Amino acid sequence: MSETAALSVFTAPGGATAQQGSEFTPLLRKVKGQGLLERRRGWYARMISVNLLALAVVVTGFVLAGDTWWTLLLAVPLAVWSARTAYVGHDAGHAQIAVGRRANRALGLLHGNLLLGMSYAWWNDKHNRHHANPNHVEKDPDVSAGALVWTAEQAAVRRGFARWVTRHQAWLFFPMLLLEGIALKVSSVRDLRRQPVRERAVEGVLLVLHAAGYGALLLACLPVGKAVVFALLHQALFGLHLGMAFAPNHKGMDMPGPAGERWGHLRRQVLTSRNVRGGPVTDWLLGGLNYQIEHHLFPNMPRCHLKLVQPLVREHCRSLKLPYAETGLLDSYRQGLRHMHTVGGAARPE
């Protein structure tokens, strides 16, 4: 990949001044020189194989356990490995795994639509818009007003029950994550109308196959009542795990608006992202995406390289006197919840 081509990959739409663009170029040159942008097919092959094997082991345990309430305990490992499956779909969407678009899409459809019941096309469109303009109040779908709000302006116009939710959103955040697994599936189905006919057909068929296979497995091993409880528990824990992995990355960081300064790629990604410190356990549970600054600077870098590139990024930011946000996991949640509480104040009585 030439340097010009690399810059076209890592620079979000909207452009940047020559001075801003030059801040990223020396870092990109160093990273390329160390081969950190090269694909890691072997690593991904091993990781995907382990993930699929783990899912197979959990499903086998589910079948063997049969009709007993103890089977519900298997919802925990199934939720964890479902989140690992989502990480693979995430990487495929960023073209981290394979060189060709078709291969990455096939991996995304397998891990997203078929295994999780989550639309790869929907997530990819939404997530790429987030990467192009992270935390931008008008361009990032992750900070648009929904069940939760992220700016005082969004909070001030809430009415009725939504206003009550906004007032208490910091307290409700983690309980609401229990609904995220189901919300992802609902959004996936609703997005089918937006997709081109051929893509809609492929995505729709795979979503139906997932729902049919998931339902058939549960009902073959459990009576209806227990099957429903297992499904709800699995989806609740999956949503909680996935939400807790992505929530620390941007909430409470700078939120550029339409009248704000036009940042280049380096500042746009660094100033809106937060890293989470931790050891091997934290890295594993968060999928390595706790190196969020590095991921946003180099979105198609293999996930296993993010930790390796961190010293280069941190030193580069230090040389530019650019703030580099990094904190512990609990403190990252505290900062995010504090931001949500402050924003929710606009909906509270004076």
Side-chain angles (χ1 to χ4, degrees), residues 1-3 5-13 24 27-52 54-55 81-116 118-132 134 142 242 245-246 249-250 265-266 268-270 273 275-276 280 282-313:
M1 178 187 294
S2 68
E3 189 167 295
L7 279 170
S8 70
V9 171
F10 298 123
T11 302
F24 180 62
L27 175 61
L28 175 60
R29 190 178 295 117
K30 287 182 182 178
V31 171
K32 286 180 60 183
Q34 294 195 15
L36 294 173
L37 295 178
E38 300 298 324
R39 299 293 186 273
R40 287 289 301 275
R41 295 181 184 86
W43 183 84
Y44 272 108
R46 292 190 297 273
M47 185 266 289
I48 290 173
S49 298
V50 169
N51 189 68
L52 293 175
L55 285 173
W81 289 104
S82 294
R84 307 295 299 178
T85 301
Y87 295 154
V88 178
H90 166 274
D91 293 0
H94 281 299
Q96 294 177 13
I97 304 175
V99 175
R101 179 180 177 275
R102 287 186 179 182
N104 282 304
R105 181 169 181 262
L107 288 167
L109 290 171
L110 168 64
H111 289 83
N113 294 59
L114 187 60
L115 293 180
L116 295 178
M118 189 172 77
S119 169
Y120 172 72
W122 163 74
W123 175 85
N124 214 25
D125 173 73
K126 176 176 178 288
H127 195 63
N128 285 340
R129 286 188 284 128
H130 157 70
H131 266 264
D142 287 356
L242 210 57
F246 284 93
N249 299 336
H250 303 281
H265 178 66
L266 183 77
R268 183 186 300 117
Q269 307 301 339
V270 172
S273 303
N275 276 13
V276 175
T282 300
D283 288 358
W284 191 85
L285 287 174
L286 301 187
L289 294 174
N290 45 313
Y291 300 99
Q292 188 68 190
I293 294 173
E294 289 71 26
H295 171 55
H296 263 256
L297 286 173
F298 306 99
N300 66 351
M301 174 180 286
R303 187 154 37 97
C304 55
H305 284 174
L306 295 176
K307 183 175 183 178
L308 302 179
V309 81
Q310 185 189 35
L312 295 177
V313 174

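Here, residue 1 is the first one in the sequence, and each next residue gets the next number. Computed over heavy atoms, backbone and side chain alike; hydrogens, waters and symmetry mates excluded. Keep in mind that what you see is a predicted model, and the values were worked out from it rather than measured.
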S.K.: Of the non-hydrogen atoms in Trp81 and Asn51, which two are nearest, and what is the gap between them?
M.R.: CE3-OD1, 3.1 Å
S.K.: Which atoms form the tightest heavy-atom contact between Ala132 and Pro134, and what is the distance?
M.R.: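 Closest approach of Ala132 to Pro134: C-CD, 3.7 Å.
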S.K.: State yes or no: are the ring centers of Phe298 and Phe24 separated by less than 6.0 Å?
M.R.: yes
S.K.: Are the side chain of Asp283 and the backbone N or O of Gly288 linked by a donor-acceptor pair below 3.5 Å?
M.R.: no
S.K.: For the aromatic rings, using the six-membered ring if either is Trp, is the centroid distance between His90 and His295 under 6.0 Å?
M.R.: yes
S.K.: When rounded to the nearest 0.5 angstrom, what distance separates CG in Leu115 from OG in Ser82?
M.R.: 8.5 Å
S.K.: Run the salt-bridge test on Asp142 and Lys126 with the 4.0 Å N-O cut-off and return the result as yes or no.
M.R.: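 Salt bridge between Asp142 and Lys126, a charged N being under 4.0 Å from a carboxylate O: yes.
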S.K.: Using ring pair (Phe, Tyr, Trp, His ring centres under 6.0 Å) as the criterion, point out the one residue from His250, His265, His296 that pairs with His131.
M.R.: His296
S.K.: Which value, rounded to the nearest 0.5 Å, describes the distance between Gln34 atom CD and Leu312 atom CG?
M.R.: 5.0 Å
S.K.: Start with the C-alpha gap between His305 and Val31, add the side-chain angles, then the distance that decides, and say whether side chain to side chain contact (heavy atoms under 4.5 Å, CB included) holds.
M.R.: CA-CA 10 Å; His305 284 174; Val31 171; over 6 Å; no
S.K.: Minimum heavy-atom separation for Gly108 to Ala92, with atom names?
M.R.: N-CB, 3.8 Å
S.K.: Apply side chain to side chain contact (heavy atoms under 4.5 Å, CB included) to residues Leu297 and Leu27 and explain how you reach the verdict.
M.R.: CA-CA 10 Å; Leu297 286 173; Leu27 175 61; 4.2 Å; yes
S.K.: Can you tell me how far the CG atom of Leu107 sits from the CG atom of Asp91, to the nearest 0.5 Å?
M.R.: 10.0 Å
S.K.: Nearest heavy-atom pair of Arg84 and Leu285: which atoms, and what distance?
M.R.: NH1-N, 4.3 Å
S.K.: Quick one: CG on Leu306 to CD on Gln96, what's the gap to the nearest 0.5 Å?
M.R.: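 It comes to 7.0 Å.
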S.K.: Does NZ or CZ of Arg303 come closer than 6.0 Å to the centre of the six-membered ring of Trp43, within 45° of the ring's axis?
M.R.: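 Here Arg303 fails the 6.0 Å and 45° test against Trp43.
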S.K.: May I have the step-by-step check of side chain to side chain contact (heavy atoms under 4.5 Å, CB included) for Asn104 and Val99, ending in yes or no?
M.R.: CA-CA 8 Å; Asn104 282 304; Val99 175; over 6 Å; no
S.K.: Give the minimum heavy-atom separation between Ala245 and Tyr87, together with the two atoms involved.
M.R.: CB-OH, 3.3 Å
S.K.: To the nearest 0.5 Å, how far apart are OG1 in Thr85 and CG in Leu55?
M.R.: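 Here the rounded value is 4.5 Å.
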S.K.: Give, for atom CZ of Arg46 and atom CZ of Arg41, the distance between the pair rounded to the nearest 0.5 Å.
M.R.: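 Atom-to-atom, Arg46:CZ and Arg41:CZ are 13.5 Å apart.
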S.K.: Classify the ring geometry between His127 and His130 as parallel (under 30°), tilted (30 to 60°) or perpendicular (over 60°).
M.R.: tilted
S.K.: Looking at every non-hydrogen atom in both residues, tell me the closest pair between His111 and Gly89 and how far apart they are.
M.R.: CB-N, 4.2 Å
S.K.: For Leu289, does its backbone N or O pair with a side-chain atom of Gln292 as donor and acceptor, under 3.5 Å?
M.R.: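 Checking the backbone N and O of Leu289 against the side chain of Gln292, a donor-acceptor pair under 3.5 Å is found.
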S.K.: Between Arg39 and Ala98 (side chain of the first, backbone of the second, donor and acceptor by atom type, cut-off under 3.5 Å), is there such a pair?
M.R.: yes
S.K.: Test Asn275 against Asn290 for side-chain hydrogen bond (donor to acceptor under 3.5 Å, both in side chains), laying out the working first.
M.R.: CA-CA 5 Å; Asn275 276 13; Asn290 45 313; over 6 Å; no
